[in-house]
Amino acid sequence: MGGFWPVTDLLRYLAGSWRTERTVRDLASGDEGRFSGTTAFGRLETGGLLSQESGVFVWQGVPRPAERTLRFLPGGTPGAADVRFSDGRPFHDLDLTSGHHVADHPCAADLYRGEFTVVDANHWRTVWRVGGPAKDLVLTTDYTRVG
């Protein structure tokens with residue numbers, strides 16, 4: 001991947017539908033899984049976006065339906081957002097005004113460190129490194145705008 005693509009209005013950039021492709025690597029066991037689906041960012045009446053991801057996750061050859069819902073609330077600047085779980089708990093901050101951001105999320109004894117990269121108007125990527133006593137994973141997700 002080349003340089004970063006700055007985002008001046010994050011919620012406007014994310015709005016709409018994205019094809020979502022994710023690999024999940026378990027560094028301890030060497031197992032690898034894949035998620036394939038879509039992520040739709042729709043407007044929330046209270047401001048911000050509701051991110052609804054749905055698709056199929058294949059782990060050890062077994063396909064299963066998978067989904068996740070997050071809330072992207074307006075941040076301190078138009079290029080930023082406050083990302084929360086569907087129940088309102090904080091997940092991480094996100095500021096893509098430079099086209100790149102690193103965020104941490106402690107979860108029990110494990111630490112999730114996410115790196116967000118905007119490639120261009122229609123492509124962005126996240127790489128989450130999850131480490132701790134319970135997990136040793138790398139999750140890489142590529143998003144491509146639909147339509």
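We number each residue from 1, following the sequence as shown. All values below were derived from every heavy atom in this structure, side-chain atoms included, with hydrogens, water molecules and symmetry-related copies excluded.
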**Request:** Over all heavy atoms of both residues, which pair between S51 and F72 is shortest? Give the atoms and the distance, please.
**Result:** CB-CE1, 3.6 Å

**Prompt:** Of the non-hydrogen atoms in T23 and R34, which two are nearest, and what is the gap between them?
**Reply:** CG2-NH1, 2.8 Å

**Student check: side-chain heavy atoms of S36 and V56 closer than 4.5 Å** = no

**Request:** With the side chain counted from C-beta on, respond yes when Y112 and L139 share a heavy-atom pair under 4.5 Å apart, and no when they do not.
**Result:** no

**Message:** Under a 4.0 Å threshold between the charged nitrogen and the carboxylate oxygen, would R84 count as salt-bridged to D93?
**Reply:** no

**Request:** Spell out, as yes or no, whether a donor-acceptor pair under 3.5 Å connects the side chain of R71 to the backbone of S86.
**Result:** yes

**Request:** Tell me whether L70 is reachable from F41 by hopping between hydrophobic residues (I, L, V, M, F, W, Y) whose side-chain heavy atoms are closer than 4.5 Å.
**Result:** yes

**Request:** Using a 4.5 Å cut-off on heavy atoms from C-beta on, say whether the side chain of Y13 contacts that of R145.
**Result:** yes

**Message:** If you define the side chain from C-beta out and look only at heavy atoms, does anything of E53 sit under 4.5 Å from R22?
**Reply:** yes

**Request:** Please report the shortest heavy-atom distance between D104 and H92, naming the atom on each side.
**Result:** O-CB, 4.3 Å

**Message:** Ignoring hydrogens, what is the shortest heavy-atom contact between H101 and D95? Give both atom names and the distance.
**Reply:** CB-O, 3.3 Å

**Prompt:** Taking side chain as C-beta onward, heavy atoms only, is R25 less than 4.5 Å from L27?
**Reply:** yes

**Request:** To the nearest 0.5 angstrom, please state how far the CG atom of D9 sits from the OG1 atom of T97.
**Result:** 12.0 Å

**Prompt:** Can you find a heavy atom in the side chain of H100 that is under 4.5 Å from one in the side chain of V7?
**Reply:** no

**Request:** Might you point out which heavy atoms bring W59 and D26 nearest each other, and give the distance in Å?
**Result:** CH2-CB, 4.0 Å

**Message:** Please say yes or no: joined through hydrophobic side-chain contacts below 4.5 Å, possibly via intermediate residues, are L73 and L50 part of one cluster?
**Reply:** yes

**Item:** Nearest atoms (heavy-atom pairs only) where L11 meets L49
**Value:** O-CD1, 3.3 Å

**Item:** Donor on one side chain, acceptor on other, T20 and T39, under 3.5 Å
**Value:** yes

**Message:** What's the separation between atom OG1 in T126 and atom CD in E115, rounded to the nearest 0.5 Å?
**Reply:** 10.0 Å

**Request:** Check each of W5, Y143, W128 against F116 using the ring pair (Phe, Tyr, Trp, His ring centres under 6.0 Å) test, and report the only one that passes.
**Result:** W128

**Request:** Identify whether V58 and V138 are in the same connected component of the hydrophobic contact network (ILVMFWY, side-chain heavy atoms under 4.5 Å).
**Result:** no

**Message:** Determine whether a donor-acceptor pair (N or O, by modelled atom type, separation under 3.5 Å) exists between the side chain of H105 and the backbone of F91.
**Reply:** yes

**Message:** By the definition side chain to side chain donor-acceptor pair (under 3.5 Å), identify the one residue from T117, D142, T144 that meets it with R125.
**Reply:** D142

**Asked** Got a second to check how far R64's CZ is from F35's CZ, nearest 0.5 Å?
**Response** 14.0 Å

**Message:** Can you confirm whether T38 sits close enough to S17 that some side-chain heavy atom of one is under 4.5 Å from a side-chain heavy atom of the other?
**Reply:** no

**Asked** If we only count heavy atoms from C-beta on, is the D110 to P133 side-chain gap below 4.5 Å?
**Response** yes

